[in-house]
Protein chains: 2
Amino acid sequence: MSSSVQSKRVRKTPEARRAEIVDRAAAIALAEGLECITMRRVAEELDVRPGLISHYFPVAEDLVAEAFGSAASAELDELLPSARTPGQPLRYLARFFALTSGENYDGMSRLWLNARHLSRYREILRDRVGHQECLWRDRLTELIREGADAGTVRTDDPVAAAIQILVVLDGLSAHANTDRSDRPAVVSGMAVSTAERVLGLAVGSLAALATATPADRTTGHPTTDHN
Amino acid sequence: MSSSVQSKRVRKTPEARRAEIVDRAAAIALAEGLECITMRRVAEELDVRPGLISHYFPVAEDLVAEAFGSAASAELDELLPSARTPGQPLRYLARFFALTSGENYDGMSRLWLNARHLSRYREILRDRVGHQECLWRDRLTELIREGADAGTVRTDDPVAAAIQILVVLDGLSAHANTDRSDRPAVVSGMAVSTAERVLGLAVGSLAALATATPADRTTGHPTTDHN
DNA sequence: TTGCCTATTGGTCGCACATCCAATAGCGTG
DNA sequence: CACGCTATTGGATGTGCGACCAATAGGCAA
């Protein structure tokens, strides 16, 4: 329980304080949306005065963009780790879809929708979203290309495949907020089935890989066990 | 040019005034987003005092939901008219995709993204969005089913097909705000190619129909010309 | 024309926000 | 231990918002 009485003032290095602020703002964004990032709110949660936040981020929008970038980057490293045990692109792809379908991904999924919408009004955030978009696409493209080179994936345009997969994921994110179709199977299965089609994989092959290699957000990486 | 001096007070019937307010709010939503619908803003554009708006909409959120519903319904009737000249489901489908890809659709596309995001916080709006989602899906399903019955479309699940098409359209809307892929063809072609696949149509057939029957937002309906 | 009903006004309240700045006090340095 | 640098405070300013309500005046009916 955070006490509501303010503690004695604590002095930290600018770098540490700045990181602390961004982390807190990112947590708020994931839990309640980018609009909930306010100087007052972040200050309160850090048990600091609002003036301090605006000292580090004279323009509020910078903090919002920074928070989004931080959250998105962290999630990207979680979903599509840049350092991989080589030779298993399909396992990583399966893991990617398992994680993006899981309930743990809800927050990030909403955050992307949130950021995309807010991008219309806030230029700084728009640039950041565009940048993250490139990062995600490149990371996914790299994985697909590795699969294509190894022959486990069949596509003549890895970039296009990555884009199409991400677009469908965005569509699913958008729909998730208000879906009333009463056809959860149709909706939830779209990402994987689209991926299997785009990547020239057999129907159900990704799902099979996912169950064979349970997605573990703690250990993070696909196992290198038999088969 | 609207003069900034306020004119003499004009007394209208509640129905007329209410409709006027909703129309104005819907226009604001389409042009600048649902967040820009404020009592003060709508009042100013109607040359009326803010108190009047809150008289008709004691809770602001009701006006926002009403504005979205109004705009979405109008667009639905434009894109997927309920009264159709029978026997041409494919032409209407082609027209639908031509219109949703056009620049005129940008506003509505953003509005959906906007509404989906805001739905997370505002319950009243969420219900309205869910309702509109059903309307759109049902209207599209009906069209697909008509095609399936006529044999021009091949699908064993018209509802699933409609959902998948709408999900991809949502994904494209989301992406449109920040796309940096430098692969416009990949992105813009996704809706139609997904539709052709889901509906069991030959690649390019919808595009061919669209050019043969130019989408005219004025006359609105596919022509009944030869062929 | 008169009078009444009610649509409309104009003003107020409280709240939350970003932004700014002089004063303060934590803490490493000497 | 004393000092000075600067991270941090606290308070003020101005904006825009929804909500509320007694007073007003438009326009229809009698």
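Model, not experiment: these values are computed from the prediction. Chain A is the first sequence line, chain B the second, and so forth, proteins listed ahead of strands; every chain is numbered from 1.
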Peer 1: What nucleotide, of C:dA7, C:dT19, C:dC27, holds the atom closest to the side chain of B:P14?
Peer 2: C:dA7
Peer 1: Going through the distances and angles, do B:Y92 and B:E146 end up as a side-chain contact (heavy atoms from CB on, under 4.5 Å)?
Peer 2: CA-CA 11 Å; B:Y92 280 97; B:E146 195 177 315; over 6 Å; no
Peer 1: For A:E35 and A:H117, which I'm curious about, is there any donor-acceptor pair between the side chains at under 3.5 Å?
Peer 2: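 Note: A:E35 and A:H117 side chains miss the donor-acceptor criterion.
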Peer 1: In terms of side-chain geometry, is the basic nitrogen of B:D77 or B:R139 positioned less than 4.0 Å from the acidic oxygen of its partner?
Peer 2: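 Counted as a salt bridge, because a side-chain N and a carboxylate O are separated by less than 4.0 Å.
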Peer 1: Measure NE2/B:H55 against P/C:dT6 and give the value in whole Å, please.
Peer 2: 11 Å
Peer 1: Calculate the interatomic distance between B:L52 atom CG and C:dT9 atom P; express it in whole Å.
Peer 2: 6 Å
Peer 1: Does A:E32 come within less than 4.0 Å of B:R120, counting only side-chain N to carboxylate O?
Peer 2: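 B:R120 and A:E32: not salt-bridged.
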Peer 1: By nearest heavy atom, map A:R40 and A:Y56 onto DNA chain D; which one lands nearer the 5' end?
Peer 2: A:Y56
Peer 1: Check A:E45 with A:R41, please: is the shortest side-chain N to carboxylate O separation under 4.0 Å?
Peer 2: yes
Peer 1: Using a 4.0 Å cut-off to any heavy atom of chain A, which nucleotides of DNA chain D are the first and last in contact, reading 5' to 3'?
Peer 2: D:dC5 to D:dG10
Peer 1: Residues of residues 117-126 of chain A with any non-hydrogen atom less than 4.0 angstrom from an atom of DNA chain D: list those, numerically ordered, please.
Peer 2: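 Residues of residues 117-126 of chain A that come under 4.0 Å of DNA chain D do not exist, since none gets that close.
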Peer 1: Would you indicate which nucleotide in C:dC27, C:dT19, C:dC5 comes nearest to any side-chain atom of A:R11?
Peer 2: C:dC27
Peer 1: Select base, sugar-phosphate, or nothing to describe what B:F57 touches, counting heavy atoms under 4.0 Å on all strands.
Peer 2: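 Nothing, no nucleic acid heavy atom in range.
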Peer 1: With sugar-phosphate meaning primed atoms plus P, OP1 and OP2, does B:R17 contact a base, only sugar-phosphate, or nothing at under 4.0 Å between heavy atoms?
Peer 2: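 Contact class for B:R17: sugar-phosphate only.
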